[in-house]
Amino acid sequence: MDSIIVRGGNRLSGTIQISGAKNAVLTLMPCALLTDEALTLENLPRLADVDGFMHLLNQHGASTMLRGAGNGGYGRVMTIQAEKITSTVAPYDFVRKMRASVLVLGPLVARAGEAKVSMPGGCAIGNRPVDLHLKALEALGARIELSSGYVEAYAPDGGLTGGTISFPLVSVGATENALMAAVLAKGETIIENAAREPEIVDLCNCLVAMGAEIEDIGSDRLVVHGKDRLHGATYRVMPDRIEAGSYACAAAIAGGELFLSGARADDMHPTIAGLREAGIEIDERDDGIGVATNGAIRPVTISTAPFPGFPTDMQAQFMSMLALAEGTSVLTETIFENRYMHVPELSRMGADVEVRGRTAVVKGVKELTGANVMATDLRASMSLVLAGLAAKGETKVLRVYHLDRGYERLEEKLSAVGADIERVSEG
Ligand code: UD1
């Protein structure tokens with residue numbers, strides 16, 4: 001199993017190319033199930049989850065063709081064609097490894113009239129139910145049954161019918177499933193209290209490129225006019241705002257100046273506001289974002305919230321940065337109930353963090369020290385790599401497969417800007 005070894009203390013300087021967004025790709029790939037024509041996705045990141053989703057689509061009968069890219073190997077292109085859906089089952093083995101597999105549910109029921117998808121179950125950051133996904137499909141006329149750990153959904157008379165979906169709380173995944181189902185439902189669908197994350201906008205834009213009709217894209221009330229069929233399209237995946245935010249924290253922690261090429265500031269204002277409050281200089285440019293530190297990190301108080309609030313996917317990385325702030329920061333996690341799994345590991349590196357319920361009080365320390373650490377989810381693993389960049393001595397981050405799910409060639413990108421970081425394989 002691979003580990004990442006970081007020797008802290010190097011300043012960072014240079015350009016990091018930001019990859020296509022993981023969370024966008026994982027909702028754009030299932031769109032291919034909505035049409036018998038080819039969907040070509042550009043700017044695809046090289047990630048374990050993308051490979052996993054590709055195999056899931058193959059298993060539903062879609063053909064996939066993956067091409068490398070000229071841009072230093074970044075930004076691959078994948079053409080997916082689901083001429084026929086040969087299986088409407090998403091087996092446990094796929095879903096258990098990758099929660100986002102549940103995003104085939106909406107497209108399969110909408111196109112094939114049925115789907116049988118394994119329930120994702122709990123995960124490292126909490127319980128994460130899918131009840132809202134199911135309620136959305138029910139509002140479009142689907143019948144849902146739960147049996148033997150699977151969700152079985154049927155569209156009576158073979159098709160879904162438009163309706164009003166009113167979410168009691170904001171869910172990114174449930175909004176995505178609702179949208180992908182509604183575009184092929186008969187008549188009009190209204191989605192109230194929809195998630196407004198930039199990845200939802202990316203999904204809407206891709207669906208529109210495929211012939212869907214969606215009003216008020218980017219708002220919390222989406223109106224979808226269903227179509228009999230969608231057609232193929234070529235669509236470029238948006239840049240990864242969480243990857244960009246993570247590297248901005250790297251510059252803040254290690255010190256130095258980075259240019260995050262391709263990062264889109266418009267998608268990142270909550271993160272940028274947090275960084276600026278912490279004293280990090282951010283230069284918003286058309287072609288990317290410049291990040292520079294001018295000394296000390298200031299403490300901040302931040303609560304996670306659905307977009308346009310501060311992203312829960314940036315909470316762990318901010319905590320590593322604030323562990324070195326001059327004063328006490330307060331972080332509150334409002335989205336997931338169990339998203340402080342990185343705290344004990346950061347504490348082992350010398351951070352002073354006290355968790356009280358959903359709030360973490362982070363008292364800045366002068367120095368962190370390297371240790372062997374591991375995390376149970378993707379962003380928590382990144383927070384440990386970031387802490388390692390500043391820590392005295394060597395930090396060994398175990399269970400690197402979490403990082404490989406969401407950060408394209410992490411060690412290459414960081415070592416190219418001066419970090420002392422390498423991947424080692426053991427056994
Ligand atoms: C997505 C992102 C994840 C991010 C999260 C919140 C992907 C692949 N993942 O996850 O990186 O951290 O948004 O921005 O895009 N909930 C329910 N019932 C449901 C669905 C959700 O109660 O049916 C709850 C969840 O437990 C959580 C909250 O709603 O407390 C928000 O979750 P949601 O927005 O659905 O997250 P995901 O789509 O799973």
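One is the number of the first residue; the rest follow in order along the sequence. In each ligand, atom 1 is the first atom listed, and ligand 1 is the first ligand listed. No experiment lies behind these values; they were computed from the predicted model shown.
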Does at least one non-hydrogen atom of Pro129 fall below 4.0 angstrom from an atom of ligand 1? yes
Are any of the N or O atoms of Ala100 closer than 3.5 Å to those of ligand 1? no
Criterion side chain to side chain donor-acceptor pair (under 3.5 Å) against Asp36, the qualifying member of Lys84, Arg229, His231: Arg229
Contacts of type salt bridge (charged side-chain N to carboxylate O under 4.0 Å, His left out), residue Asp202, not counting sequence neighbours: none
For the pair Arg348 and Glu345, find out whether any cationic side-chain nitrogen is under 4.0 Å from an anionic carboxylate oxygen. yes
Would Ser171 count as a polar contact of ligand 1, with the cut-off being nitrogen or oxygen pairs under 3.5 Å? yes
If I apply the N/O under 3.5 Å rule, does Asn23 come out as touching ligand 1? yes
Counting only nitrogen or oxygen atoms and a 3.5 angstrom limit, does Glu176 reach ligand 1? no
Using a plain distance cutoff, I'd like to know if Leu169 has any nitrogen or oxygen under 3.5 Å from a nitrogen or oxygen of ligand 1. no
Is the shortest side-chain N to carboxylate O distance from Asp220 to Arg196 below 4.0 Å? no
Would you find more than 12 non-hydrogen atoms of other residues, nucleotides or ligands less than 6.0 Å from Glu83 atom CD? no
Report yes or no: does a heavy atom of Arg99 sit under 4.0 Å from some atom of ligand 1? yes
Please state whether Met314 comes within less than 4.0 angstrom of ligand 1, counting heavy atoms only. no
Would Leu179 and Ile200 count as a side chain to side chain contact (heavy atoms under 4.5 Å, CB included) here? Give the steps. CA-CA 9 Å; Leu179 273 164; Ile200 301 276; 4.0 Å; yes
Within the structure, does Glu197 bring an N/O atom to less than 3.5 angstrom of an N/O atom in ligand 1? no
Phe336 N/O under 3.5 Å from ligand 1 N/O: no
The reported gap from CG in Leu275 to OG1 in Thr271 (rounded to nearest 0.5 angstrom) is 6.5 Å
From Leu26, Val25, Leu378, Leu132 - option closest to atom 23 (O) of ligand 1 by heavy atom: Leu132
Side-chain (Ser87) to main-chain (Val89) donor-acceptor, under 3.5 angstrom: yes
May I ask you to check if ligand 1 and Ala174 share an N or O to N or O distance below 3.5 Å? no
